[in-house]
Amino acid sequence: MRIGFFGTPHFAVPSLKMLVSEGYNVVGVFCQPDRKSGRGHKVSFSPVKETAIALGLPVFQFEKIKSAEAVKQIEDLELDLMITAAYGQILSQAILDAPKKGCINVHASLLPKYRGAAPIQWAIINGETSTGVTTMFTDIGLDTGDMLQKRAVPIGREETGGELYERLAVLGADVLKDTLEALEDGTLVRTPQKEEEATYFPMLNKDMAKLDFSQSAKQLVDRVRALHPIMRCYASLNGMDIKLIQMKQTEAESAGKPGEVLVADPKKGLTIQTGKGAVEVIMIQYPGGKAMEAKASLLGKPIAVGDVFE
RNA sequence: CGCGGGGUAGAGCAGUUUGGUAGCUCGUCGGGCUCAUAACCCGGAGGUCAGGGGUUCAAAUCCCUUCCCCGCAA
């Protein structure tokens with residue numbers, strides 16, 4: 001069976017490795033073009049590209065996967081099956097029609113909940129206590145195709161988006177493996193998604209990292225851990241954007257307005273009033289500096305009781 | 001060559017503009033006080049001031065250079 005693999009970030013890596021180690025014939029790996037990134041604008045390869053090179057697989061990178069050139073390339077590979085996992089571009093019907101047995105996608109949520117590009121982070125932001133992975137036949141809609149297999153996992157109370165991402169990437173590879181076995185056995189069952197139960201959440205946006213202290217303590221803590229370490233949430237204090245990297249809910253010793261510093265003591269820590277309850281900052285990061293313990297930061301940094309994060 | 005911030009004791013910082021014996025807070029070690037403590041008092045240890053070169057009677061501080069860390073932007 002000739003398989004084409006479409007993926008770009010870390011999430012797709014375990015699935016690609018699984019395909020190779022299970023002996024599937026991956027004849028082409030498609031990922032997003034190399035982009036200049038990071039300090040100094042250095043060009044870096046995507047995790048999937050790195051993996052494909054290490055495995056000796058041919059890599060294809062198209063700026064527009066819908067272009068005639070890209071479609072022809074895909075058709076020329078005479079694929080039996082396409083597998084996608086966080087590829088990063090929307091596929092066209094012409095592409096989906098190319099492989100004989102269709103296209104299977106690995107999605108990091110329990111569909112039809114959390115359709116969209118960032119299901120892992122959104123699940124935590126919304127305070128979900130469980131999520132999972134769903135394999136599906138890709139259709140032209142956004143995460144709307146018929147579901148194949150699904151597996152749920154609990155979300156840890158303090159688990160970060162990054163940690164959950166890693167777990168679901170591994171789980172995704174495992175579910176994909178089972179899905180492909182069922183496909184070969186002819187036992188695969190297609191289950192249409194119930195539109196009335198569907199939810200959709202958009203791509204992550206930088207604005208999401210700005211904390212709004214009128215939210216509840218739980219919402220704020222969930223947001224900070226959900227976005228970690230992709231984005232570090234921040235709030236403004238005395239003209240500085242200060243990143244609050246890790247927080248936990250705590251008892252408020254006194255009342256204040258949302259964002260007001262209730263405690264700022266090297267021994268007692270840094271506590272901030274929210275719209276409902278209070279949060280204690282565990283890890284903090286100042287402009288130009290590294291992340292550090294909030295208690296340590298109070299030895300040399302000017303935060304006082306009564307200051308207001310906004 | 002995208003823009004900018006930073007590297008000083010185990011930790012967090014000041015000192016650099018205007019060169020002149022290395023400072024603060026916390027921790028740590030010892031002692032004291034206390035029913036007791038995250039409290040208080042006294043004392044001590046702990047630094048090649050990121051590395052290299054230069055200027056100078058004298059460099060954390062001025063000049064050149066290398067390395068490392070961080071933020072923004074992509």
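Below, read A as the first sequence line, B as the second, and so on, with proteins coming before strands; counting in each chain starts at 1.
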Distances for protein N or O near nucleotides 13-15 of chain B N or O, under 3.5 Å:
{"from": "B:C13", "atom 1": "OP1", "to": "A:Lys301", "atom 2": "NZ", "distance (Å)": "2.9"}

key: Out of B:C72, B:A73, B:C69, whichever nucleotide has its closest atom nearest the side chain of A:Lys243   = B:C72

request  = Only counting residues at least two apart or in another chain, list the ones meeting salt bridge (Lys or Arg N to Asp or Glu O under 4.0 Å) with A:Glu195.
outcome  = A:Arg115

Using atom [atom1] in both nucleotides, what's the gap between [N] and [M] to the nearest angstrom?
N: B:G47; M: B:A22; atom1: P; result: 14 Å
N: B:G52; M: B:A60; atom1: P; result: 13 Å
N: B:U17; M: B:A59; atom1: P; result: 14 Å
N: B:U48; M: B:U8; atom1: C1'; result: 12 Å
N: B:G46; M: B:C26; atom1: C1'; result: 14 Å
N: B:A58; M: B:C1; atom1: P; result: 41 Å
N: B:C24; M: B:A9; atom1: C1'; result: 12 Å
N: B:U34; M: B:C29; atom1: P; result: 22 Å

Could you state the atom-to-atom distance from [atom1] of [X] to [atom2] of [N] in whole Å?
X: A:Asp265; N: B:A39; atom1: CG; atom2: C1'; value: 12 Å
X: A:Met231; N: B:G71; atom1: CE; atom2: C1'; value: 16 Å
X: A:Lys268; N: B:A39; atom1: NZ; atom2: P; value: 11 Å
X: A:Ile245; N: B:G71; atom1: CD1; atom2: C1'; value: 11 Å
X: A:Leu244; N: B:G71; atom1: CG; atom2: P; value: 14 Å
X: A:Asp241; N: B:A73; atom1: CG; atom2: C1'; value: 15 Å

Partner nucleotide, any strand, of [N] [Watson-Crick/G-U, under 3.5 Å]:
N: B:A39; result: none
N: B:C24; result: B:G12
N: B:C3; result: B:G71

key: Connected-component partners of A:Ile282 among ILVMFWY, side-chain separation under 4.5 Å   = A:Ile245, A:Met283

query = If you group Ile, Leu, Val, Met, Phe, Trp and Tyr whenever their side-chain heavy atoms sit less than 4.5 Å apart, what else falls in with A:Leu237?
reply = A:Leu211, A:Phe213, A:Leu220, A:Val221, A:Val224, A:Met240, A:Ile242, A:Leu244, A:Met247, A:Val261, A:Leu270, A:Ile272, A:Val279, A:Val281, A:Ile284, A:Tyr286, A:Met292, A:Leu298, A:Ile303, A:Phe309

query = What side chain to side chain donor-acceptor pair (under 3.5 Å) pairs are there with at least one residue in residues 24-33 of chain A, not counting sequence neighbours?
reply = A:Gln32-A:Gln89

Restricting both atoms to N or O, compile the protein contacts to nucleotides 3-8 of chain B shorter than 3.5 Å, with distance only.
{"from": "B:G5", "atom 1": "N2", "to": "A:Gly288", "atom 2": "O", "distance (Å)": "3.1"}

request  = Indicate whether the side chain of A:Thr8 and that of A:Ser46 have a donor and an acceptor atom separated by less than 3.5 Å.
outcome  = no

key: A:His41 over B:G2, stacked by centroid distance under 5.5 Å, angle under 30°   = yes

remark   = Value for OG1 (A:Thr134) from CE (A:Met147), rounded to nearest 0.5 Å, stands at 7.0 Å

ask   = Which residues within residues 30-37 of chain A lie with some heavy atom under 4.0 Å of an atom in RNA chain B?
value = A:Lys36, A:Ser37

inquiry  = Within the 4.0 Å heavy-atom criterion, would you say A:Lys42 contacts the bases, only the backbone, or no part of the nucleic acid?
reply    = nothing

query = With a 4.0 Å cut-off on heavy atoms, is A:Glu293 in touch with a base, just the backbone sugar-phosphate, or nothing at all?
reply = nothing

Once side chain to side chain donor-acceptor pair (under 3.5 Å) is applied, do any residues pair with [X], and if so which ones, sequence neighbours excluded?
X: A:Asp222; result: A:Lys218, A:Arg225
X: A:Arg190; result: A:Asp146
X: A:Ser214; result: A:Asp212
X: A:Gln149; result: A:Thr179

ask   = When you look at A:Phe201 and A:Tyr114, which way does the ring pair (Phe, Tyr, Trp, His ring centres under 6.0 Å) test go after all the steps?
value = CA-CA 6 Å; A:Phe201 291 91; A:Tyr114 292 97; 4.9 Å; yes

task = Report the residue (A:Gln285 or A:Lys267) whose heavy-atom-nearest nucleotide on RNA chain B is the more 5′ of the two.
result = A:Lys267

task = Starting from the 5' end of RNA chain B, give me the residue, A:Lys290 or A:Leu298, whose nearest nucleotide shows up first.
result = A:Leu298

ask   = OP1 or OP2 of B:A11 sitting under 4.0 Å from any side-chain N/O of A:Lys295?
value = no

Side-chain atoms of residues 47-58 of chain A: list all donor-acceptor pairs with protein atoms under 3.5 Å, sequence neighbours left out, distances to 0.1 Å.
{"from": "A:Lys49", "atom 1": "NZ", "to": "A:Asp34", "atom 2": "OD1", "distance (Å)": "3.3"}
{"from": "A:Lys49", "atom 1": "NZ", "to": "A:Asp34", "atom 2": "OD2", "distance (Å)": "2.7"}
{"from": "A:Lys49", "atom 1": "NZ", "to": "A:Gln61", "atom 2": "OE1", "distance (Å)": "3.0"}
{"from": "A:Thr51", "atom 1": "OG1", "to": "A:Pro47", "atom 2": "O", "distance (Å)": "2.8"}

ask   = Should A:Leu77 and A:Val29 be regarded as members of a common hydrophobic cluster, given that ILVMFWY residues are connected when their side-chain heavy atoms come within less than 4.5 Å of each other, either directly or indirectly?
value = no

